[in-house]
Undergrad: 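Got a structure for you, written out below as structure tokens; questions coming shortly.
This structure is a prediction, so every number in the text was calculated from the model and none was measured. To find a chain, count down the sequence lines: A is the first, B the second, and so on, and within it residues start at 1. The basis for the numbers below is simple: all heavy atoms, side chains too, and nothing from hydrogens, waters or symmetry mates.
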Amino acid sequence: MEHKLYIYNTLTRKKEQFIPLHENKVGMYVCGPTVYGDGHLGHARPAITFDILFRYLQHLGYKVRYVRNITDVGHLENDADSGEDKIAKKARLDQLEPMEVVQYYVNRYHKAMEALNVLPPSIEPHASGHIMEQIEFTQKIIDAGFAYVSEGSVYFDVEKYNKSNNYGIISGRNIDEMLETTRELDGQSEKRRSVDFALWKKASPEHIMRWNAPWSVGFPGWHMECSAMGTKYLGEEFDIHGGGMDLMFPHHECEIAQNKAGLGKDSVKYWMHNNMITIGGQKMGKSLGNFITLDEFFTGNHKLLSKAFSPMTIRFFILQAHYRSTVDFSSEALEASEKGLERLMDGYARLQKLSPSATSSIETAGLRAKCEEALNDDLNTPIAISYLFEALKVINSVHDGKATISVSDLEELQSVFKLMVEDLLGLKVEATATGTNEAYKQAIDMLLNMRLEAKRNKDWATSDKIRNELTALGFEIKDTKDGFEWKL
RNA sequence: GGUUCGUUGGCCGAGUGGCUAGGCACCGGUCUGCAAAACCGUUAACGGCGGUUCGAAUCCGCCACGAACCUCCA
């Protein structure tokens, strides 16, 4: 396959050329949401980042299997011994079945993703639907001698693993230092070492999400689901594993250790991590409580938002920064993106209506190559977008009659824009819902005020014409004592 | 404290050892009866101090500031 896609591999801290394990096929796993709350802006970032990768790999001709999980066996809220499962807690507070909570937020997550024009993954496995696989995986690790059972729970023996492997390979953490710094916190824990992590936890009596396992009635450790589901659907070795940078440690570090211990091999070739979205320079996150949900953006219903922002504005905003940089949210920054996007989409619409001439007075060749070059360079969407803006000037000058474009150049330009804007960046023309509704309402009001004025002038012909034609369109017009009312 | 990363013009945000990224705002212009919108054009930056180099915002060192991870987090 002829391409030079380079992606930054967190494992090596370098950009590496992407070469799939199996010719023409790509296996990609991305950590999805824990569904016990509404998705916020931070959740949009990995979804959109890896959506671009998904789209681009397919554009390059690969058959891609994209797996994005749903974590519906909540993680422990506090420390491992006294904690409560997040989803179980939410369920208890709302007096629902845990799976009702899960279903509710999964539905809402899907709705938000669809609005953001994020393509659905090939497989979206639920952790709760793969308990057997997780038990089996845990057993493999026990059999390999890298885990021990303690009071019904199973723990990964990090220290033993680290003797023959490198625990800390992706996060740069040093296990000796970790042992030193955390030793004092070791109490009467059932763990041998504080760095050990759970593969299976025995459920406390109040823990309502529980399953039978050889060791106890309990639930799988957090990191287990990705090991189990990733290898189930993509094989013991696959190409790409993605997720947010905050998952690097401990989640991905543990996942690497689990796979190596249980399977005897490294499963993932390229690890990719998107950076965080910040707000006031600080990470937007659930625990800090400084997040703004996607719905709040779409409706503008949040005190930090000057107005509503459409899903495409959110998408464009995220794409205007490179995925490995932090991006600082502010209402001003979003407004800037909104205007930029509008100009881009207006230009795209204008491009469809340009009239070609016999010759071109402008240069259009090279845009495709430049855009692909940008995406090949670790998905540099901001650079690709900057090229589109440059091309916009060409489009506008042709539109203004200040330049000419030949049929073939026009077709090429249209084709590149279609590819970049719609297929790869995934930007779609949207009838900015709220704005349109407001304008539409005001237009109707204006018409009816004109009718009111005509009535005052006893211009019945005009008055009736307005009423009849609106009625014909399906509006109900009601005269009131001091004005009018209408509805569709 | 440990590990990692960052500090770019009014704001957001790319980037390379020498050649103006881009967006938004500002300013100027075209258009318009006027205005708005739209379009065109211009301006402006590389945290501080040293070093390497013919040349560094880009490489190295130190300092300052900020952030992420070390508990759950996308």
Side-chain angles (χ1 to χ4, degrees), chain A residues 10 13 30-34 36-37 39-50 68 71 74-80 83-86 109 168 170-174 176-178 180-182 185 194-195 197 222 242-253 273-278 280-291 316-344 346-347 350 370 374 377 380-393 395-403:
Chain A
T10 311
R13 315 249 159 191
V30 174
C31 290
T34 305
Y36 66 106
H40 60 73
L41 187 58
H43 291 99
R45 193 148 201 212
I48 290 171
T49 297
F50 294 104
R68 189 184 64 204
T71 298
H75 314 153
L76 291 174
E77 177 118 291
N78 300 310
D79 76 87
E84 188 176 5
D85 188 289
K86 283 175 170 173
Y109 179 73
I170 197 166
S171 61
R173 231 145 283 251
N174 181 319
D176 295 325
E177 284 168 3
M178 290 173 65
E180 268 174 40
T181 54
T182 52
L185 298 175
S194 58
V195 288
F197 56 91
W222 171 30
M245 263 184 192
D246 50 353
L247 298 179
M248 234 157 76
F249 190 89
H251 186 51
H252 292 155
E253 192 70 64
H273 292 93
N274 61 275
N275 213 321
M276 301 293 103
I277 289 179
T278 59
Q282 243 195 348
K283 173 184 168 181
M284 180 180 284
K286 215 145 216 165
S287 44
L288 288 166
N290 60 354
F291 60 92
F316 189 66
F317 172 70
I318 286 173
L319 292 176
Q320 269 189 306
H322 188 259
Y323 77 91
R324 281 191 293 111
S325 299
T326 56
V327 55
D328 197 51
F329 152 81
S330 68
S331 225
E332 296 73 35
L334 270 182
E335 282 178 45
S337 285
E338 182 179 52
K339 287 184 189 169
L341 175 63
E342 194 185 354
R343 204 157 78 80
L344 180 66
D346 285 352
R350 199 169 286 152
K370 279 161 73 183
D377 184 13
N380 201 327
T381 51
I383 288 291
I385 288 170
S386 79
Y387 292 144
L388 295 179
F389 275 107
E390 282 174 8
L392 213 57
K393 290 181 183 172
I395 292 170
N396 285 330
S397 57
V398 172
H399 178 255
D400 288 351
K402 291 172 185 161

Undergrad: To the nearest angstrom, how far is Ile395(A) atom CD1 from rC40(B) atom C1'?
TA: 15 Å
Undergrad: Check every atom of rC70(B), rC39(B), rA74(B) against the side chain of Asp246(A) and return the nucleotide holding the closest atom.
TA: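 The nucleotide sitting nearest to the side chain is rA74(B).
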Undergrad: Does Lys402(A) or Phe316(A) map to a spot on RNA chain B nearer the 5' end, using the closest nucleotide for each?
TA: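 The answer here is Phe316(A).
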Undergrad: Look through every strand shown and name the nucleotide pairing with rG66(B) as Watson-Crick or G-U wobble, where both distances are under 3.5 Å.
TA: rC5(B)
Undergrad: Using 0.5 Å steps for rounding, measure from the NE2 atom of His399(A) to the CG atom of Asp346(A).
TA: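 Here the interatomic distance stands at 10.5 Å.
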Undergrad: Could you tell me whether Gly42(A) contacts a base, only the sugar-phosphate backbone, or nothing, with contacts defined as non-hydrogen atoms closer than 4.0 Å?
TA: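 Result for Gly42(A) = base.
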Undergrad: Within the structure shown, what part of the strands sits under 4.0 Å from Ile385(A) by heavy-atom distance: base, sugar-phosphate, or nothing?
TA: nothing
Undergrad: By nearest atom, which of the nucleotides rC69(B), rA67(B), rA74(B) is closest to the Gln282(A) side chain?
TA: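 Minimum distance to the Gln282(A) side chain belongs to rA67(B).
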Undergrad: Between Arg173(A) (CZ) and rU3(B) (P), how many Å, whole number?
TA: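 In whole Å, rU3(B) P and Arg173(A) CZ are 11 Å from each other.
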Undergrad: Check for a donor-acceptor pair, side chain of Glu253(A) on one end and backbone N or O of Met248(A) on the other, with a separation under 3.5 Å.
TA: no
Undergrad: Which residues pass the side-chain hydrogen bond (donor to acceptor under 3.5 Å, both in side chains) test with Arg350(A), sequence neighbours left out?
TA: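 Applying side-chain hydrogen bond (donor to acceptor under 3.5 Å, both in side chains) to Arg350(A) gives Asn396(A).
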Undergrad: What's the spacing between Phe316(A) CZ and Ile48(A) CD1 if we round to 0.5 Å?
TA: 12.0 Å
Undergrad: Watson-Crick or G-U wobble partner for rG61(B), using a 3.5 Å limit on both distances?
TA: rC49(B)
Undergrad: rA74(B), rA21(B), rC40(B): which one has an atom nearest the side-chain heavy atoms of Ser386(A)?
TA: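 So the nucleotide nearest the side chain must be rA21(B).
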Undergrad: Donor-acceptor pairs are to be reported for all side-chain atoms of residues 381-393 of chain A against protein atoms at under 3.5 Å, with residues two or more places apart or in another chain.
TA:
residue, atom, partner, partner atom, Å
Thr381(A), OG1, Leu319(A), O, 2.7
Ser386(A), OG, Ile383(A), O, 2.7

Undergrad: Write out a two-atom table: protein N or O, nucleotide N or O from nucleotides 10-20 of chain B, distance below 3.5 Å.
TA:
residue, atom, partner, partner atom, Å
rG13(B), OP1, Asp328(A), N, 2.8
rG13(B), O2', Gln320(A), O, 3.4
rA14(B), OP1, His322(A), N, 2.8
rA14(B), OP1, Ser325(A), OG, 2.9
rG15(B), OP1, Asn380(A), ND2, 3.3

Undergrad: Report yes if a side-chain nitrogen or oxygen of Asn275(A) is closer than 4.0 Å to either non-bridging phosphate oxygen (OP1 or OP2) of rC5(B); otherwise report no.
TA: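 Indeed not, no polar side-chain atom of Asn275(A) lies that close.
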Undergrad: Under 3.5 Å for both donor-acceptor distances, Watson-Crick or wobble: does rA56(B) have a partner, and if so which one?
TA: none
Undergrad: Quick one: side-chain hydrogen bond (donor to acceptor under 3.5 Å, both in side chains) partners of Asn380(A), sequence neighbours excluded?
TA: none
Undergrad: Run the side chain to side chain contact (heavy atoms under 4.5 Å, CB included) test against Asp328(A) and tell me which residues pass, sequence neighbours left out.
TA: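 For Asp328(A), the residues satisfying side chain to side chain contact (heavy atoms under 4.5 Å, CB included) (neighbours in sequence not counted) are Thr278(A).
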Undergrad: Tell me whether the side-chain N/O atoms of Arg13(A) come closer than 4.0 Å to OP1 or OP2 in rU3(B).
TA: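 Result: no.
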Undergrad: Touch check for Lys283(A), heavy atoms < 4.0 angstrom, all strands: base, sugar-phosphate only, or nothing?
TA: base
Undergrad: Phe389(A) has an atom CZ; how far is it from atom P of rA21(B), in whole Å?
TA: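 Atom CZ in Phe389(A) sits about 17 Å away from atom P in rA21(B).
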Undergrad: Applying side-chain hydrogen bond (donor to acceptor under 3.5 Å, both in side chains), can you list everything that pairs with Lys283(A), at least two apart in sequence or on another chain?
TA: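 So Lys283(A) forms a side-chain hydrogen bond (donor to acceptor under 3.5 Å, both in side chains) with Asp246(A).
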Undergrad: Under 4.0 angstrom, heavy atoms only, what part of the nucleic acid is Asn274(A) near: base, sugar-phosphate, or nothing?
TA: base
Undergrad: Once you apply the 3.5 Å cut-off to both distances, tell me the Watson-Crick or G-U wobble partner of rC31(B), or none.
TA: none
Undergrad: Measure from CD on Glu390(A) to C1' on rA21(B) and round the result to the nearest Å.
TA: 7 Å
Undergrad: For rA25(B), give its Watson-Crick or G-U wobble partner with both distances under 3.5 Å, or none.
TA: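 Partner of rA25(B): none found under 3.5 Å.
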